[in-house]
Amino acid sequence: MSRAEAPQEPMTGAAAPTPVRAAGAPRAPSPLWSFGLLRSELLITFRRWRTLALLGVLAAVPILVGIAVKIETSDGSSVGGGGGGEGPAFISQVSNNGLFLVFTALAATLPFFLPMAIGVVAGDSIAGESSAGTLRYLLVAPAGRSRLLLTKYATVIAFCLAATLVVAVSALAVGALLFPVGDLITISGTRITYTEGLGRALLIALVVAASLVGVAALGLFVSTLTGSGIAAMATTVGLLITIQILDQIPQLDALQPYFFSHYWLSFADLMREPVYWDDLVKNLGLQALYAAVFGSAAWARFTTKDITS
């Protein structure tokens, strides 16, 4: 029997060959690696001075509102003329119960401050990496563009929740410090306990955070269109301001129910007894629609984009 025909003994130990993956075969990303990427993105985002500055500004708004109300009511006058006057919703009730400062602060920050902060973070999510020259290196890791994009969007959503909670917690602390707290009267005129009021305040904060997912998706899509973080942030904030202006023009009332900001203040219906759900459901459904449309557009753009930096 020739050597070629002789049976080959299996190699063991150090002599055993190492299986080689075929050239070009994709390496499947592990769930653990994906969690690590998300954790890294969250740490990077929330450690930036810009992010901390945005959260600081948001925390300062309830403080300024609370001090203004305290000064205005120190002489016994009533802010807002007893509930039917000027100012953000609930502001006339702040002096009677500090918990209303949470609702007032969210109503004051939702039209501009909160979405502007979200627009800055979302607009910089992809474009900022591209302008810094780090996007190519992120794509070298075994995540794939789809998973990287999803991680970026999850990070923006986390910022939506964090920013909303910063406003709510700051307002809760200032309200308890400057004004009396206790049972409160709903918009419908019924009385609820302070504990139930806290529960509704938390629910309102969660609804406000959910109201920003449409802006987050829009900012993410804009971020995939350009390699400049500043341009993406400016464009997102500009679109936000434009939509809110259009939402105030009476001649566009047929289109306004489709603007992502149209039902933002519907969270006030959570302070009714019973709760009015119609506008709340419309708001959440509209945000889900914007997230689906602009999220899909961002995916289509990012997965076909020629990454050069």
Side-chain angles (χ1 to χ4, degrees), residues 27-62 109 113-170 172-173 202 205-206 208-234 236-237 291 294-295 298-299 301-303 305 307 309:
R27 181 183 173 186
S30 66
L32 181 61
W33 188 92
S34 300
F35 176 78
L37 177 63
L38 177 60
R39 179 177 176 274
S40 176
E41 285 295 327
L42 289 172
L43 289 176
I44 292 174
T45 298
F46 285 96
R47 284 178 176 177
R48 285 174 177 160
W49 284 109
R50 180 181 59 214
T51 303
L52 297 177
L54 289 172
L55 294 176
V57 170
L58 291 173
V61 172
T109 55
F113 291 103
L114 276 171
M116 182 198 69
I118 304 306
V120 168
V121 174
D124 189 57
S125 57
I126 299 294
E129 299 283 3
S130 181
S131 61
T134 56
L135 187 56
R136 269 190 315 184
Y137 300 103
L138 281 175
L139 294 176
V140 169
R145 299 192 182 196
S146 299
R147 190 163 299 199
L148 177 61
L149 187 69
L150 184 61
T151 300
K152 290 288 188 180
Y153 187 57
T155 302
V156 179
I157 295 301
F159 180 78
C160 292
L161 181 60
T164 305
L165 290 178
V166 163
V167 174
V169 172
S170 175
L172 183 64
L202 176 59
L206 294 177
V208 170
S211 300
L212 299 169
V213 299
V215 173
L218 175 61
L220 188 69
F221 170 63
V222 173
S223 188
T224 63
L225 299 178
T226 177
S228 171
I230 295 178
M233 289 186 285
T236 303
V237 174
F294 286 102
W299 175 83
R301 168 62 178 168
F302 188 59
T303 53
K305 184 177 181 180
I307 305 297
S309 61

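Remember, it's a predicted structure, so these values are computed and weren't measured experimentally. Computed over heavy atoms, backbone and side chain alike; hydrogens, waters and symmetry mates excluded.
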What closest approach, in Å, do Ser146 and Trp299 show between heavy atoms, and which atom pair accounts for it?
-> OG-NE1, 2.7 Å

Mind running side chain to side chain contact (heavy atoms under 4.5 Å, CB included) on Phe294 and Leu220 for me, showing each step along the way?
-> CA-CA 8 Å; Phe294 286 102; Leu220 188 69; over 6 Å; no

Does anything in residues 209-219 pair up under salt bridge (charged side-chain N to carboxylate O under 4.0 Å, His left out), and if so which pairs, sequence neighbours excluded?
-> none

Could you tell me which non-hydrogen atom of Phe159 sits nearest to which non-hydrogen atom of Phe46, and how far apart they are?
-> CA-CZ, 3.8 Å

To the nearest 0.5 Å, what is the distance between OG1 (Thr151) and CG (Leu38)?
-> 6.0 Å

Arg145 versus Leu149: any side-chain heavy-atom pair under 4.5 Å?
-> no

So the side chain to side chain donor-acceptor pair (under 3.5 Å) pairs with at least one residue in residues 208-219 (sequence neighbours excluded) are Ser211-Asn283

Would you give the length of the straight line joining atom CG of Leu165 to atom CG of Leu206, rounded to the nearest 0.5 angstrom?
-> 7.0 Å

Lys/Arg-Asp/Glu bridge criterion (N-O < 4.0 Å) met for Asp124, Lys152 = no

Side chain to side chain contact (heavy atoms under 4.5 Å, CB included) between Ile44 and Arg48, worked out | CA-CA 6 Å; Ile44 292 174; Arg48 285 174 177 160; 3.7 Å; yes

Taking only residues two or more places apart in sequence or in another chain, which ones pass side chain to side chain contact (heavy atoms under 4.5 Å, CB included) with Ala210?
-> Leu284

May I ask you to test the Ser125-Thr155 pair for a side-chain heavy-atom distance under 4.5 Å?
-> no

Closest non-hydrogen atoms of Cys160 and Ala216, given as atom of the first, atom of the second and distance, are SG-CB, 4.3 Å

What residues, two or more places apart in sequence or in another chain, satisfy side chain to side chain contact (heavy atoms under 4.5 Å, CB included) together with Thr236?
-> Val222

With Leu114 as partner, the option from Val166, Leu212, Val61, Val215 fulfilling side-chain contact (heavy atoms from CB on, under 4.5 Å) is Leu212

Please report the closest heavy-atom contact between Val120 and Arg50, naming both atoms and the distance.
-> CG1-CD, 3.9 Å

So side chain to side chain donor-acceptor pair (under 3.5 Å) across residues 214-232, not counting sequence neighbours, yields none

Does atom CG of Leu43 have more than 12 heavy-atom neighbours from other groups under 6.0 Å away?
-> yes

Compare every heavy atom of Thr164 with every heavy atom of Ala205, then report the nearest pair and how far apart it is.
-> O-CG2, 3.1 Å

Side-chain contact test, heavy atoms from C-beta onward, threshold under 4.5 Å: evaluate it for Phe302 versus Ile126 and give yes or no.
-> yes

What are the two closest heavy atoms between Ala117 and Leu54, and how far apart are they?
-> O-CD1, 4.1 Å

Listed partners of Tyr153 passing ring pair (Phe, Tyr, Trp, His ring centres under 6.0 Å), at least two apart | none

